[in-house]
Amino acid sequence: MFHGGGWRGFVRADEEAQPTISTTLLRRVWDYARPYGRWIAFVLLGIFVTSMIDAALPLLVRDLINTAIPQKDIGRLNLLALGLILIPLTGGLINVWQRQYSARVGEGIIYDLRCALYEHLQRMSLRFFTTTKSGELISRLNNDVVGAQRAVTGTLIDLVTNLITLTVTVTIMAGLDWRLTLLAAAVLPLFIPPAKRIGRILRDISRQQMRTNAAMTTVMQETLNVSGALLVKLFGQQEQERQRFSRQAAAVRELGVRSALVGRGFFVVIGLVSAVGTAAVYWVGGYLTIHTPTFQVGDIVAFALYLPRLYGPLSALANTRVQLATSLVSFERVFEMIDLPLEITDAPDGLVLAEVEGKVQFEHVSFAYPDRGPATAEGDEEAIEGPIRPITDRQWALEDISFTVHPGQLAALVGPSGAGKTTITYLLPRLYDPTRGIVKVDGHDIRQVQLNSLIAHIGMVTQETFLFHDSIRANLLYAKPDASEAEIIGACAAAHIHDLISALPDGYDTIVGERGYRFSGGEKQRIAIARVILKNPRILVLDEATSSLDSESERLIQQALEPLMKRRTSIVIAHRLSTILSADIILVMDHGRLVEQGSHNELMAANGLYARLYHTQFQALDHAKN
Ligand code: ADP
């Protein structure tokens with residue numbers, strides 16, 4: 001069921017899941033349960049003791065009917081009545097005691113699994129997040145982890161309880177009368193097949209429920225966030241979305257009803273068969289009492305009292321395999337994600353970049369987005385799974401890029417849209433790794449450097465600024481948790497956003513709405529700039545805003561950026577003429593290739609793409625803005 005950890009395998013697993021129980025899977029589940037070994041032992045002890053105590057109940061009834069009543073032994077009668085109260089009471093108390101341990105085990109396993117999964121997801125590459133529905137991820141973190149817990153605290157504990165109860169009951173029953181035991185067992189074939197069938201139906205329903213719930217969550221996720229809601233409103237799609245949602249919700253409703261009805265039917269069948277068994281025991285038992293002097297009324301009653309303890313566990317056990325397999329599907333789904341290979345692997349023993357000068361080099365770097373072309377040169381599982389497509393030039397987002405930006409220099413990336421400028425900026429903080437070639441910082445291959453020590457020196461300001469749903473201060477502190485108030489204000493002043501923030505009623509404590517929507521695009525970008533100023537990295541990567549900003553906003557941003565770019569190596573996706581003109585090196589990109597590089601004058605003299613862009617775009621853009 002595991003597709004060698006391939007990401008596409010994860011998408012398909014839902015459809016392919018079969019009720020098989022692999023020992024590898026069980027061993028892995030056990031690895032998670034092992035730390036709770038002591039508590040599990042308590043739970044098992046509790047189950048065993050309760051089973052034994054409960055099993056004594058019918059024996060008391062037998063003694064009451066066979067001995068105490070005929071012999072008119074009042075003392076014995078009182079004692080037995082007391083026992084009839086004390087036994088369930090003790091059983092109940094032990095059960096409560098046992099529950100707290102089983103709850104701790106279950107919740108503990110949830111906690112461990114969830115944290116392991118979250119940690120793993122945190123380390124997944126950017127590509128993973130661009131190709132995964134967040135609803136799907138959240139569903140795994142929530143539903144499947146809870147499903148996994150149920151497998152432990154529900155199915156596994158039920159299994160043990162039933163096995164113990166059954167063993168104890170059969171032993172006692174056979175001791176009472178083996179002929180009646182056989183008779184009681186004779187009705188079993190009557191209900192094992194329906195129990196199995198219904199179990200299977202229930203399993204199918206619960207699997208469909210998982211799927212429809214996930215689909216419903218996805219609709220909610222997509223349409224109930226700011227961007228989604230905006231899109232729905234702008235295109236007037238409320239009615240369609242309402243219908244789409246109501247279809248999904250209706251599917252959830254239908255399945256809920258079906259599962260409840262099938263469940264009921266199951267109990268009716270069990271009840272019916274138990275009734276047949278009970279009738280048979282009383283009937284044949286009656287004969288036995290009449291014809292065999294040693295057989296007494298109390299024996300029949302005690303026997304009948306044992307029947308539910310025989311049929312219940314047996315019918316449950318008939319389904320155990322299916323149930324266990326179903327509950328283990330959740331574990332499997334969680335493990336599947338934990339096993340997803342990390343595309344960007346940290347070098348834990350790698351170099352720690354304490355200080356950097358800020359020299360950035362690209363050496364023959366080629367890059368293809370993994371789902372468009374070759375992910376890695378060889379051995380890529382997806383390439384094996386999917387049809388092998390010829391690699392055409394167009395599939396390379398970057399092809400054989402080489403350049404050097406010296407410490408403190410400003411490099412301007414220019415070129416038509418889709419040329420690969422953004423992709424270049426992604427390779428530097430290792431949001432992606434090059435397919436071929438090497439990216440170096442201060443002469444070190446960045447794959448040999450500890451990731452955190454690399455990231456610490458790189459600051460990025462993208463066009464789309466993400467702010468957490470938290471105060472402005474908390475958002476700023478993200479860059480430097482120990483920043484003082486003075487530092488925060490200093491950074492915001494430098495980013496030309498302090499006046500605006502301090503004019504807000506709550507100042508720096510203002511909560512930024514989901515995705516920071518209360519600020520305009522330009523204001524958000526200035527907050528992002530303040531954040532980078534606080535971080536104070538040696539290397540700055542900047543995506544200059546294009547046309548979306550008004551000139552006032554743009555002027556403020558420019559004023560914020562100019563000092564920021566000083567004293568650092570800056571790589572800027574440049575749209576403004578002033579940035580381009582002040583660049584130490586201009587990198588001209590086209591169709592994933594670095595077609596020209598040099599200073600403005602050199603490139604104008606070369607009279608190539610840059611010169612064309614200069615005449616047609618940069619100049620015109622700047623005129624339009626000024
Ligand atoms: P630019 O920043 O110069 O506009 P990009 O670096 O964003 O260009 O894009 C370069 C090429 O890579 C484009 O053809 C784009 O369609 C493609 N591309 C960008 N992001 C992805 C992605 N996540 N998956 C697949 N292809 C992508």
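All ligand and atom numbering here is 1-based and tracks the order in the structure. The basis for the numbers below is simple: all heavy atoms, side chains too, and nothing from hydrogens, waters or symmetry mates.
Heavy-atom proximity to Thr423, at under 4.0 Å, picks out these atoms of ligand 1: 5 (P), 6 (O), 9 (O), 10 (C). Counting atoms of ligand 1 from 1 in the listed order, those under 4.0 Å from a heavy atom of Lys421 are 1 (P), 2 (O), 3 (O), 4 (O), 6 (O), 8 (O). Near Ala397, meaning under 4.0 Å from any of its heavy atoms, are these atoms of ligand 1: 12 (O). For ligand 1 and Ser417, the ligand atoms under 4.0 Å from any heavy atom of the residue are 4 (O).
By the side chain to side chain contact (heavy atoms under 4.5 Å, CB included) test, Asn475 pairs with Leu467, Phe468, Asp470, Val512, Arg531, sequence neighbours left out.
At least one N/O-N/O distance between Gly420 and ligand 1 falls below 3.5 Å.
Ring planes of Phe367 and Tyr369: perpendicular class, angle over 60° (limits at 30 and 60°).
Summarising the local packing, OH of Tyr426 is surrounded by 12 or fewer heavy atoms from other residues, nucleotides or ligands at distances under 6.0 Å. For Glu239, the CD atom is densely surrounded, since the number of other residues' heavy atoms within 6.0 Å is greater than 12.
Of the candidates Trp396, Tyr432, Tyr369, the one placing a heavy atom closest to atom 21 (C) of ligand 1 is Tyr369. Residue nearest to atom 13 (C) of ligand 1, selected from Gly415, Gly418, Gly592, Ala419: Gly418 (by heavy-atom distance).
Using a cutoff of 4.0 Å between basic side-chain nitrogens and carboxylate oxygens, Asp339 and Arg28 are scored as salt-bridged.
Using a distance-only test at 3.5 Å, with no hydrogens or angles considered, no donor-acceptor pair links the side chain of Asp445 to the main chain of Lys440.
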